[in-house]
Amino acid sequence: MDILLKESLAGAVAVLYGKEVSENLLQIQKTKKEFTGDYTLVVFPLLRISGKSPEITGQEIGDYILANTPLVSEINVVKGFLNITISSSEWRDRLTSFDSEPDFGFSSEGKNSETVVVEYSSPNTNKPLHLGHIRNNLLGYSLSRILSASGKRVIRTNIVNDRGIHICKSMLAWKLFGNGETPESSGKKGDHLVGDYYVMFDKEYKKQVAALTEKGMSSDEAAENAPLMAGAREMLLKWESGDNETLDLWHMMNSWVYAGFDVTYKALGVEFDKIYYESDTFKKGKELVLEALTREILYKKEDGSVWADLTSEKLDQKLLLRSDGTAVYMTQDLGTAVIRHDDFNFDKHIYVVGNEQNYHFQVLALILGKMGFGWAEGLHHFSYGMVELPEGKMKSREGTVVDADDLIDEMTDTARLMSQELGKLEGFSEGEKEAIYKKIGLAALKYYILKVDPKKNMTFNPAESIDFNGNTGPFIQYTYTRIQSVLKKANEGGMGLNRNSFTDVIPNAKEISLIKLINDFPSLVNEASRELSPALVANYCYDIAKEFNQYYHDYTILGESDKNIRDFRIYLSDMAGLVIKKGLWLLGIDVPERM
RNA sequence: GGUCCUAUAGUUCAAUGGAUAGAACGAAGGUUUCCUAAACCUUAAAUCCAGGUUCGAUUCCUGGUGGGACUACCA
């Protein structure tokens, strides 16, 4: 629609002023609510071409397209703005044309599609997932859906940080204090059990440090020399050298954690195409580093540690191998990136990782570039802000970390309570009801998080997040179920089946607003993909839900006596529902048919 | 100290350089013999400060101020 308009506007300018205009001078935007019109041409940029005042220029162009472009039914000029109204019948025809598009708004993957790897989640295997991971998972999952809906080949991956000193800490604590506790013996979810030992390590370690400082040791020295820390370091060395006993313990505890993570991922509704493990990729990283060392891209210090010198890029020096030869986080990320490129030959690689790692990813791309990998230019750190609580940052020490499993349960509980109070789910089995509660609770959580610009830190207010009214996920779901309810009744009454019956219907203003929103959906998907912005999709879903609710309130659909208008309204509702469902799908939110 | 992110109603969030800054929650009031009131309608309420670029700045640039992150042989 707006492309057609743009062409006729360009034509108008060419005829009137005898000059071709470049694309960027024709600024078309949606007309603001308080003015009459559908699209608005901002005429200021054209004044140099017309050599006339804004009002006259607007009027001249407006008069021309009104006379020469059939789809324009009306124009008006306010200051430097030319407001253009598209004829109602044009909008109606536009609506019916959506039907001919097989998967409205979504593009499918083709031979020339860009390949994009999206990494998200990236858990450590020493503690359960928390609220911060939830933001990460939801963003990553939604991004992957948005990208694939815009026609890209998307590979969803996860890197599991399953090795390193932090893992050794929980292993050591379990060995020393665990008395053989297992998920089976304790009934604890595996990731929580392992997390408990990580916390225990920290507690006992602090005690040891305190004891040492009391004996007169400096706090730095004490931190180095506490037996637990020495033990953890020793364990890491054993692990890297392949010690069987250590590996067995590691395998066992990791398997507990993975079982726990699977439950959380499933509850959250996210999945991956390929999961990488740091324990596999760090070796590749070490090889890369050693190889680059021989090419003198990196250098070795006297103590044997290996570094990248990035001072010419105005950054610091970066450690890549410790003096004892063990790998650090950066080492494995180098390896992971190269392995992934070998696996998928990606054009782009998006890392969904918190903004506290901005530096890390800047360095990662630089080092890969130095090593000679041209594709490193395709690496993109999708950096998102922290999640804070109303009382401030989450601190594990103070026990204010919001656990992912708990949170999901609480949202479902709230949905259950609310739903039972409203009592609209009669006739469903308990199992069906539970499935609906879960969809609603998760929608509240997901929408609450995804509607916020990812770059910004966000405040997670538990009281607000479980609100199901207003600008929330359940509000949008509710709109969808209202539509389904109408469609079901229409179907039962044999109405709305004839889509050719409304070719003469002239839609009213509210209906045109809805058609416009539906019409926007395909370009919205592309924009969200280009901008990597689930928030854009969330806002869109809310806009159309709000618009439909107003329509639903102001007009009757099934009660309309004119059969053609009724059929038209049923069809319009159907399309609005479809777009809401697709929009929510892009956010990873499921819709219930009733609620 | 250095680098990066950020600042909009009481609160949580919107606004490709365009018109009178838009929602939600909260506050006050109203709507149900009518397709689901988890809805709809009305009212009050905001661009951190100072410069600059521009016909036009919440948006871009510079400098302040407040908040946050990073600057580990942690991840």
Side-chain angles (χ1 to χ4, degrees), chain A residues 27-29 31-35 40 42-45 47 54 78-81 83 122 124 126 161 164-167 233 278 301 303-307 314-316 318-324 326 328-330 332-333 354-360 362 383-386 388 390 393 415 418-419 421-422 424 440 444 448 451-453 455-461 463-465 467-472 474-479 481-490 493 527 531 535-536 538-539 542-543 545-546 548-560 569-570 573 594-595:
Chain A
Q27 291 182 24
I28 298 173
Q29 53 193 245
T31 303
K32 293 218 169 195
K33 273 225 161 83
E34 55 274 29
F35 300 96
T40 295
V42 183
V43 300
F44 295 109
L47 299 184
V78 180
K79 291 189 263 182
F81 300 91
N83 299 318
S122 320
N124 290 335
N126 61 341
N161 297 291
I165 191 82
H166 55 295
I167 312 298
R233 267 201 301 267
E278 188 182 322
K301 284 194 180 171
D303 61 8
S305 55
V306 180
W307 299 71
K314 292 189 178 168
L315 296 173
D316 221 333
K318 185 73 193 175
L319 176 86
L320 294 175
L321 286 177
R322 294 190 184 94
S323 50
D324 63 8
T326 56
V328 293
Y329 181 52
M330 182 62 76
Q332 67 79 24
D333 244 353
N355 63 12
E356 74 271 17
Q357 293 192 31
N358 286 354
Y359 184 74
H360 174 83
Q362 200 184 344
S383 163
Y384 64 90
M386 313 259 90
E388 289 165 17
K393 293 182 64 179
M418 201 90 136
S419 205
E421 208 170 291
L422 292 167
K424 292 182 182 178
I440 298 171
Y448 183 82
K451 73 173 177 178
V452 180
D453 178 357
K455 250 191 320 197
K456 292 183 181 170
N457 287 357
M458 67 173 290
T459 307
F460 185 87
N461 186 329
E464 244 175 56
S465 68
D467 196 341
F468 291 0
N469 301 318
N471 189 355
T472 65
F475 167 85
I476 300 167
Q477 287 179 317
Y478 175 70
T479 312
T481 58
R482 274 182 144 181
I483 294 171
Q484 297 321 301
S485 180
V486 169
L487 295 176
K488 190 164 163 252
K489 288 210 164 84
E527 193 184 351
E531 305 284 328
L536 225 47
N539 288 325
Y542 176 68
D543 286 344
K546 182 146 185 70
F548 186 84
N549 271 317
Q550 286 169 5
Y551 177 61
Y552 183 90
H553 179 266
D554 293 349
Y555 296 93
T556 178
I557 298 165
L558 301 179
E560 170 57 45
R569 290 185 176 171
I570 292 168
S573 303
R594 262 180 67 185
M595 65 188 275

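Given the structure is predicted, the values throughout are model-derived calculations rather than measurements. Lettering of chains follows the sequences in order, A, B, ..., and the numbering in each one begins at 1.
Evaluation of atom-type donor-acceptor distances gives a pair under 3.5 Å for the side chain of Thr40(A) against the base of rA19(B). Between the side chain of Asn539(A) and the base of rA24(B) there is no donor-acceptor pair of N/O atoms closer than 3.5 Å.
Taking atom CE of Met458(A) as the reference point, atom C1' of rA7(B) lies 17 Å away to the nearest angstrom. Taking atom CG of residue Leu536(A) and atom P of nucleotide rA23(B), one finds them 18 Å apart after rounding to whole Å. In this structure, CD of Glu464(A) is placed 12 Å from P of rU11(B), rounded to the nearest angstrom. The distance from atom CG of Asn457(A) to atom P of rG67(B) is 14 Å, rounded to the nearest whole Å.
Across all strands shown, Glu527(A) has no heavy atoms under 4.0 Å from either base or sugar-phosphate atoms. The residue Gln29(A) sits close to a base: some heavy atom pair falls under 4.0 Å. Nucleic acid contact for Thr481(A): base, since at least one base atom lies under 4.0 Å from a heavy atom of the residue. The residue Ile165(A) sits close only to the backbone: its heavy atoms come under 4.0 Å of sugar-phosphate atoms, none of a base. Using a 4.0 Å heavy-atom distance criterion, Asp333(A) is classed as making no nucleic acid contact. Using a 4.0 Å heavy-atom cutoff across all strands shown, Ser485(A) reaches at least one base atom of the nucleic acid. Heavy atoms of Asp324(A) sit nowhere under 4.0 angstrom from any nucleic acid atom. Across all strands shown, Val328(A) has heavy atoms under 4.0 Å from sugar-phosphate atoms exclusively, and none from any base. Here Ser419(A) lies in heavy-atom contact (under 4.0 Å) with a base.
Both geometric conditions, a ring-centre gap below 5.5 Å and a plane tilt below 30°, are not fulfilled together for Phe44(A) over the base of rG56(B). Stacking between Tyr542(A) and the base of rA23(B) is absent under the criterion of ring centres within 5.5 Å and planes under 30 degrees.
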Evaluation steps, side-chain contact (heavy atoms from CB on, under 4.5 Å), between Thr31(A) and Phe81(A): CA-CA 9 Å; Thr31(A) 303; Phe81(A) 300 91; over 6 Å; no

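Rounded to whole Å, the separation between the P atoms of rU53(B) and rC61(B) comes to 15 Å.
By the 30° and 60° cut-offs, the orientation of the rings of Phe548(A) relative to Tyr551(A) is perpendicular.
Within 6.0 Å of CD in Glu421(A) there are 12 or fewer heavy atoms belonging to other residues, nucleotides or ligands. No more than 12 heavy atoms of other residues, nucleotides or ligands sit less than 6.0 Å from atom NZ of Lys488(A).
Nearest nucleotide to the side chain of His553(A), out of rC40(B), rA69(B), rA19(B): rC40(B).
Partner assigned to rA69(B) is rU3(B), using Watson-Crick or G-U wobble distances below 3.5 angstrom.
Residue Lys456(A) has a polar side-chain atom (N or O) positioned under 4.0 Å from OP1 or OP2 of rA7(B).
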